[in-house]
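The block underneath contains the structure these notes are about, expressed in structure tokens.
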Amino acid sequence: MKVLFATSEIAPWVKTGGLGDVAAALPPALRRNGIDVRVLVPRYPALRQAFPDDKAPVVAKLGDFGAGFAASVLRQATAPDGTPLLLLDCPAYFDRSGNPYLGPEGRDWLDNHLRFGLLSRVAAWLGSDASDLPWQPQVVHCNDWQTGLAPAYLALLPGARARSLLTIHNLAFQGLFGAQTLAELGLPATAWSMHGVEYYGYLSFLKAGLHYADAITTVSPSYAAEIQTDAEGMGMAGLLRDRADRLSGILNGIDTVAWNPVRDPHLPHAYDADHLPEKRKNKAALQAEVGLKVRDDVPLLGVVSRLTHQKGLDLLPAVAPQIAALPAQLVVLGSGEKALEAEFRELAELHPGQFAVRIGFDEGLAHRIEAGADVFLMPSRFEPCGLNQMYSLRYGTPPVVRATGGLADTVIDGVNGFVFKDATAEALLAAIERAAAAWRNKKVWRAIQADGMRRDVGWAEPALEYAALYEKLAQ
Ligand code: ADP
């Protein structure tokens, strides 16, 4: 089975969220199941640096796709874990530092339709008999809107073609562009239809993918059901209901090598379920690192998150006084909406030594919070899968989560964490209070920690599910 995995980000080089982690972990897990998977990703500066020209020979010159795309070549490289990479080298589009989607002003690059249109177009080219590469995938596995046009190109262009699969990691990002982009992207006028790429007067990469893909997955079974409801379908519910027979949920795994408290280079003290006192040392080290009072008689709540409405963290400041009075400590690492960043900064100033806030992206600190906190908070309004709650399960840091999407599929109330229903500050507080009470009962707490740490949250099982789906598609 040959599979092209097309993605706009891949950890550790380029990552803005869960997709970056999945792109780094799923392909090697698939390869362990004998699947010949290659990863197509733009050659951003970080990948240019990791794979300079002499380590990434050109394997194809990409011709004119009959559209407004810049010239590009395809280079081949091998990731340190052995995964073959196909790097889309188009300096005009991708040799830009920083966030892969946003310019320095924090706004979308104006040519994002061309940048990710080209990525989609090349994915489709590789999956068609137009490709002159000896390696031909049977399935093109696309991810989110950035490669959402690939199923459309595959379906609309003549000739033999691979089957397409689109995985939704986040339905909120839909890749909407003006109608004039249709011609620039080399799509036929006939595609401009409700039964095509058009979405309420716009061209939507995601909608196109959902319409044309041979199969659709999303990253948890609960989220697969939720997105078919008008309340949570983000305007795509009708289409998703129409395609329900092609839609399924496969829960993400986590990278159990990068996220392993026994061997985590970011932690001062290694530990496992049998050595939990070492976890307490990580707590003390974390408290010292972020400027909290070093004490073990209060629970430390941790947050690592994008600070956005989706993540429900705006609920937290409202109950900060009650959390302070519990008493509990809080450490927040994140960045996102400026107003929320400011609110958390203020909280830290108001409660020095008790609340600490770090605005920014810090991989090492994220690991130390997972290890050093007692309780992890994830009050998301919606959560396609969520990785952090799985990290926290594995790190013996029971999560407090809202019952939605992948959080509902991985956290069991009172067994390995704490679950609340309503997206309100009161419901969040009540769950935090329950967690704090359980934390004070060492025997109960150890059982909850142990259950989470025992759970298999790796990629072996999800990889088998994807492999079965590829087989079904390729038949
Ligand atoms: P999403 O993809 O919606 O942001 P996930 O929980 O699925 O949420 O994945 C988030 C990933 O990004 C996790 O690996 C998390 O540790 C990481 N992350 C988010 N914010 C930060 C941050 N400020 N610093 C370091 N890592 C972060």
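As the structure lists them, so they are numbered: ligands from 1, and atoms in each ligand from 1. Both backbone and side-chain heavy atoms feed into the values below; hydrogens, waters and symmetry mates do not.
- With a 4.0 Å heavy-atom cut-off, ligand 1 is reached by no atom of His169.
- Every residue was checked against the ring pair (Phe, Tyr, Trp, His ring centres under 6.0 Å) condition with His275, not counting sequence neighbours, and none meets it.
- Among Phe382, Tyr391, Phe361, the residue whose heavy atom lies closest to atom 22 (C) of ligand 1 is Phe361.
- Close contacts between ligand 1 and Ala366 involve ligand atoms 25 (C), 26 (N) [criterion: under 4.0 Å to a heavy atom].
- Applying the side chain to side chain contact (heavy atoms under 4.5 Å, CB included) criterion to Pro268, with sequence neighbours excluded, gives Asn282, Ala285, Arg368.
- Regarding atom 14 (O) of ligand 1, its nearest protein heavy-atom neighbour is Asp21 OD2, 3.0 Å.
- Within the structure, the closest approach of Gly20 to ligand 1 does not fall below 4.0 Å when heavy atoms are considered.
- Of all atoms in ligand 1, numbered sequentially from 1 with element shown, those under 4.0 Å from a heavy atom of Gly17 are 2 (O).
- Under the 3.5 Å distance criterion, with hydrogens and angles disregarded, a donor-acceptor pair is assigned to the side chains of Asp264 and His367.
- When non-hydrogen atoms are compared, ligand 1 lies under 4.0 Å from the side chain of Lys15 (C-beta onward) but not from its backbone.
- Relative to the ring axis of Tyr93, Arg115 does not place its NZ or CZ within 45° and under 6.0 Å from the centre.
- Distance alone, capped at 3.5 Å, places no donor-acceptor pair between the Thr147 side chain and the Thr7 backbone.
- At the shortest separation from atom 4 (O) of ligand 1 among protein heavy atoms lies Arg306 NE, 2.8 Å.
- The shortest separation from a heavy atom of Lys311 to ligand 1 is under 4.0 Å, placing the residue in contact.
- Ion pairing between Arg446 and Asp451 fails under the 4.0 Å rule for side-chain N and carboxylate O.
- Residues Ser222 and Asp409 have side chains that bring a donor and an acceptor to within less than 3.5 angstrom of each other.
- Close contacts of ligand 1 with Met378, meaning ligand atoms under 4.0 Å from a residue heavy atom, involve 6 (O).
- Gly334 counts as a contact of ligand 1, since one of its heavy atoms falls under 4.0 Å from the ligand.
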